[in-house]
Amino acid sequence: MLSLENLGILNPTVVHRNLTPAQLTEAALRRGEGTLSNTGALVVKTGKYTGRSANDKFIVDSKGVHDEIAWGKVNKPISQERFDALYSKMIAYLQNRELFVFDGFAGADTKYTKCFRIVNELASQNMFIHQLLRRPTAEDLKTFTPDYTIIAAPGFKCNPSVDGTNSEAAIMIDYEKHLVLIAGTQYAGEIKKSVFSVMNYVLPKEGVFPMHCSANMGKDGDTAVFFGLSGTGKTTLSADPNRQLIGDDEHGWADDSVFNFEGGCYAKCINLSPTGEPEIYNAIRFGALVENVVMDPDTREFDFDDDSLAVNSRVGYPVEYIPNAELSGMSTSVPKTVIFLTADAYGVLPPISKLDKNQAMYYFVSGFTSKLAGTEIGIKEPVPTFSTCFGEPFLPLDPSIYAAMLAEKVEKAGASVYLVNTGWNGTGKRTKLAYTRAMVTAALNGELNNATFVTDPYFGVAVPTSCTGVPEELLIPANTWEDKEKYAQTAKKLANSFVENFKKYTHMSEDVVNAGPKAE
């Protein structure tokens with residue numbers, strides 16, 4: 001049995017190490033953690049927490065990292081004493097329990113691979129991370145030494161008045177001790193994103209640009225990366241039948257490669273259909289973990305349209321469940337095309353535009369999309385949403401560091417950068433997926449390199465006047481509006497939102513600041 005004495009866990013009843021998905025499924029069913037669907041997937045309910053708990057995430061404010069972390073509302077400090085006290089309570093809680101350990105890797109490029117040991121209270125969570133990280137061989141396990149350890153105990157509830165937390169849940173990272181604690185929440189995404197937060201801290205020190213993006217490559221090995229917040233089409237557009245999927249969420253850009261951090265995918269299930277997203281739909285089978293999807297108790301069939309358990313219903317599965325996946329998890333060429341995806345509900349951003357170096361840094365740091373009326377209580381009109389570098393909750397360092405790395409990598413690779421609006425235009429209709437795919441294809445195959453461009457009057461970006469497969473009148477936002485005065489007012493309003501948001505980035509150069517929209 002694997003010893004966890006070095007962690008202070010002295011008396012577990014048993015420690016299971018790197019069980020197979022079949023064994024973990026059996027264990028989860030035996031322990032009453034979930035049930036099976038008619039497709040063989042393991043189905044669980046995560047209770048109170050059905051998504052990430054951003055207000056419960058902390059970083060230990062130790063001397064070694066104090067001057068590196070971008071402290072603020074996202075990276076909230078907690079003292080070493082508070083962390084150590086909670087750690088002692090958690091390992092005491094785990095004594096005399098059945099525990100599940102997964103030893104695995106993050107980072108497909110072996111030059112930058114990090115070893116993670118995940119200690120789980122739940123077999124179902126252990127199966128999730130087994131499928132989401134990169135899996136070792138039996139030979140790898142003989143010499144495995146963890147670089148970082150994550151302890152996940154959803155059954156342990158914090159006491160805010162004693163533990164210094166904001167609720168019964170806590171996600172705490174101690175970068176100096178290479179240790180992560182996850183307490184009080186069963187949402188498996190917290191484990192995945194804790195790995196990502198670690199990679200975002202360590203890889204820039206090694207010259208690797210960590211990215212919250214999907215990536216794919218063509219038959220000739222040409223690589224593209226897709227940044228975008230939820231609902232912008234990151235997963236959909238990177239799943240191209242003519243290109244191989246490297247990964248759907250987290251990657252590193254090194255001097256000679258683009259590589260997936262993970263060995264699996266974590267996809268949303270709400271409104272999932274076999275025609276809309278067949279790859280994800282067909283991946284929900286034995287070996288997959290499904291969270292908070294309503295299922296008929298008799299037929300065990302899913303109702304993906306029912307959001308009574310959670311709007312953020314999810315499924316985790318290994319990347320090999322996707323038919324055109326690149327199983328090595330990497331491309332040995334650097335990206336030639338970088339795409340920022342946004343869903344502009346105002347209808348004023350061009351459906352596709354080309355960015356220069358400073359504009360690329362500006363729109364990357366801004367990380368814009370918009371919330372729609374009706375998606376949340378109280379939202380009666382579109383609301384601009386900005387997430388720094390398209391991944392604000394997971395970035396421990398100052399945004400200027402990631403922006404500078406993007407600029408350096410793009411310049412060195414000679415890559416083209418495009419802003420693609422998968423949202424709405426002046427007609428009040430969302431851009432058809434077929435048109436967006438045509439524009440992305442034109443960006444990837446080089447067609448747009450030879451296009452004629454005009455400058456958008458409000459956002460300053462270069463907009464092509466033609467693109468194969470796309471009606472020309474849709475390319476220029478003003479042409480889709482009958483009321484030109486209303487268009488101007490709306491464009492100015494969104495431009496001002498960008499300018500106001502960017503004021504908080506105090507370490508950005510004047511050239512980058514001036515590359516954004518102009519305030520009115």
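If you're wondering where the values come from, they're calculated on a predicted model, not measured in any experiment.
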Using the ring of each side chain (for Trp, its six-membered ring), is [X] parallel, tilted or perpendicular to [Y], with breaks at 30° and 60°?
{"X": "Y148", "Y": "H178", "value": "parallel"}
{"X": "F227", "Y": "F390", "value": "tilted"}
{"X": "F502", "Y": "Y362", "value": "parallel"}

Heavy-atom check, side chain of [X] versus side chain of [Y], under 4.5 Å:
{"X": "S416", "Y": "N449", "value": "yes"}
{"X": "L122", "Y": "Q186", "value": "yes"}
{"X": "V410", "Y": "W253", "value": "yes"}
{"X": "K57", "Y": "K193", "value": "no"}
{"X": "N496", "Y": "K493", "value": "no"}
{"X": "C213", "Y": "F340", "value": "no"}
{"X": "F156", "Y": "L86", "value": "yes"}
{"X": "V417", "Y": "Y363", "value": "no"}

Any donor and acceptor pair, going by atom type alone, linking the side chain of [X] with main-chain N or O of [Y] inside 3.5 Å?
{"X": "S370", "Y": "A345", "result": "yes"}
{"X": "R52", "Y": "G189", "result": "no"}
{"X": "D103", "Y": "N18", "result": "no"}
{"X": "N421", "Y": "L349", "result": "yes"}
{"X": "K336", "Y": "A413", "result": "yes"}
{"X": "D456", "Y": "V461", "result": "no"}

Do you know which two heavy atoms are closest between [X] and [Y], and how far apart they sit?
{"X": "K192", "Y": "E250", "answer": "NZ-OE2, 3.3 Å"}
{"X": "A495", "Y": "K518", "answer": "CB-O, 4.3 Å"}
{"X": "T369", "Y": "A343", "answer": "OG1-N, 3.2 Å"}
{"X": "A183", "Y": "M90", "answer": "CB-SD, 4.0 Å"}
{"X": "S257", "Y": "M330", "answer": "CB-CE, 3.8 Å"}
{"X": "S497", "Y": "P384", "answer": "OG-CG, 3.8 Å"}

Do [X] and [Y] pair up side chain to side chain, a donor and an acceptor below 3.5 Å, judged on atom types alone?
{"X": "D174", "Y": "Q80", "answer": "yes"}
{"X": "E190", "Y": "T185", "answer": "no"}
{"X": "T236", "Y": "E277", "answer": "yes"}
{"X": "D140", "Y": "T137", "answer": "yes"}
{"X": "D344", "Y": "T342", "answer": "no"}
{"X": "N292", "Y": "T50", "answer": "no"}
{"X": "T232", "Y": "T422", "answer": "no"}

Evaluate the side-chain contact (heavy atoms from CB on, under 4.5 Å) criterion for residues N55 and K76: first the C-alpha distance (whole Å), next the side-chain angles of each, then the deciding distance (0.1 Å), finally the verdict.
CA-CA 9 Å; N55 199 41; K76 297 183 292 294; 4.2 Å; yes
To the nearest 0.5 angstrom, please state how far the [atom1] atom of [X] sits from the [atom2] atom of [Y].
{"X": "S53", "Y": "N166", "atom1": "OG", "atom2": "CG", "answer": "8.5 Å"}
{"X": "K205", "Y": "E68", "atom1": "NZ", "atom2": "CD", "answer": "3.5 Å"}
{"X": "D240", "Y": "R437", "atom1": "CG", "atom2": "CZ", "answer": "6.0 Å"}
{"X": "N260", "Y": "R134", "atom1": "CG", "atom2": "CZ", "answer": "6.0 Å"}
{"X": "N216", "Y": "S238", "atom1": "CG", "atom2": "OG", "answer": "6.0 Å"}
{"X": "D109", "Y": "F261", "atom1": "CG", "atom2": "CZ", "answer": "10.5 Å"}

Residues [X], [Y]: salt bridge by 4.0 Å N-O rule:
{"X": "K357", "Y": "D511", "result": "no"}
{"X": "D249", "Y": "K234", "result": "yes"}
{"X": "R243", "Y": "D222", "result": "yes"}
{"X": "D147", "Y": "R117", "result": "no"}
{"X": "K111", "Y": "D255", "result": "no"}

Carefully, step by step, assess S167 and Y49 under the rule side chain to side chain donor-acceptor pair (under 3.5 Å).
CA-CA 11 Å; S167 75; Y49 295 93; 3.2 Å; yes
Measure centre to centre between the rings of F128 and Y266, then say whether the value is under 6.0 Å.
yes
Examine F116 together with F102 and report whether their ring centres are nearer than 6.0 Å.
no
Evaluate the salt bridge (charged side-chain N to carboxylate O under 4.0 Å, His left out) criterion for residues D61 and R82: first the C-alpha distance (whole Å), next the side-chain angles of each, then the deciding distance (0.1 Å), finally the verdict.
CA-CA 10 Å; D61 188 3; R82 291 278 198 191; over 6 Å; no
Would you check, one step at a time, whether the test side-chain contact (heavy atoms from CB on, under 4.5 Å) holds for T388 with Y402?
CA-CA 10 Å; T388 304; Y402 303 104; over 6 Å; no
Take F196 and F394 through the ring pair (Phe, Tyr, Trp, His ring centres under 6.0 Å) test and state the conclusion after the steps.
CA-CA 7 Å; F196 190 42; F394 324 114; 5.7 Å; yes
The test is side-chain contact (heavy atoms from CB on, under 4.5 Å); show your working for I173 and Y201 and say whether it passes.
CA-CA 11 Å; I173 302 178; Y201 175 76; over 6 Å; no
Full working for side-chain contact (heavy atoms from CB on, under 4.5 Å) between N358 and N514:
CA-CA 8 Å; N358 289 318; N514 291 335; over 6 Å; no
Checking F105, Y112, F209 against F259 for ring-ring contact (aromatic ring centres under 6.0 Å, His included), the one that qualifies is Y112
Just wondering, more than 12 heavy atoms not from E510 lying within 6.0 Å of its CD?
no
